[in-house]
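What's counted below: heavy atoms across the whole structure, side chains too, no hydrogens, waters or symmetry copies.
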Amino acid sequence: MQMEIKPIKTPADHTAALSEIDGLMSAELGTPDGDRLDVLATLVEAYESKHFPMELPNPIDAIKFRMEQKGLTPKDLQPMIGRLNRVYEILSGTRPLTLAMIWRLHEGLGIPAECLIKQPAALAP
């Protein structure tokens, strides 16, 4: 028996929705089960973003993570940041990102701009 789809308001609702999603993971798109999975996933995402907000990562950590994901070296960042010594200054945190660098990193690596403009904790008021 399928649960009635309703807003997720409590931890118990959240657990029940996750359990049902787990059982629907192999559902095909465009089927009733696929549609149910889509709706439940949307409800869970809304609940989790409200109750378990995730803080954006530090810009340098985000750059290093994307470099690791894509198998990039500091030299690969030169078109976005500048000379290699500048890349190392950015990656070590000794030089801040400029607006132009932020834009090129966003475009080139797909890192969300709001993450790249986040002020490092050491500089935050």
[X], [atom1] atom: more than 12 neighbouring heavy atoms under 6.0 Å:
X: Glu28; atom1: CD; value: no
X: Gln69; atom1: CD; value: yes
X: Glu45; atom1: CD; value: no

- Message: Within the structure provided, determine whether Leu18 and Glu48 are in side-chain contact (heavy-atom separation under 4.5 Å).
- Response: yes
Could you tell me the separation between the [atom1] atom of [X] and the [atom2] atom of [Y], rounded to the nearest 0.5 Å?
X: Asp38; Y: Asp33; atom1: CG; atom2: CG; answer: 12.5 Å
X: Leu116; Y: Ile111; atom1: CG; atom2: CD1; answer: 5.0 Å
X: Asp61; Y: Leu56; atom1: CG; atom2: CG; answer: 12.0 Å
X: Ile102; Y: Met80; atom1: CD1; atom2: CE; answer: 14.0 Å

Hydrophobic cluster membership, with links at side-chain heavy-atom distances under 4.5 Å among I/L/V/M/F/W/Y: are Leu109 and Leu99 in one? no
field: Joint cluster assignment, Met25 & Val39, ILVMFWY side-chain distance < 4.5 Å
entry: yes
Check your understanding: When you check the gap from the basic side-chain N to the acidic O, do Glu89 and Arg86 get nearer than 4.0 Å?
Key -> yes
Taking all non-hydrogen atoms of both residues into account, name the closest pair between [X] and [Y] and its distance.
X: Cys115; Y: Ala62; result: SG-CB, 3.5 Å
X: Leu40; Y: Leu24; result: CD1-CD1, 4.0 Å
X: Leu97; Y: Pro59; result: CD1-CB, 4.2 Å

Those residues that, when tested against [X], pass side-chain contact (heavy atoms from CB on, under 4.5 Å) (two or more places apart):
X: Leu91; result: Ile63, Lys64, Met67, Pro74, Leu77, Val87
X: Asp76; result: Leu72, Thr73
X: Ile8; result: Asp13, His14, Ala17, Leu43, Val44, Tyr47

Quick note, ring-ring contact (aromatic ring centres under 6.0 Å, His included) partners involving residues 80-105, not counting sequence neighbours, are Trp103-His106
For Thr94, the side-chain hydrogen bond (donor to acceptor under 3.5 Å, both in side chains) test, sequence neighbours excluded, returns Ser92
Across all chains, not counting sequence neighbours, the salt bridge (charged side-chain N to carboxylate O under 4.0 Å, His left out) partners of Arg66 are none
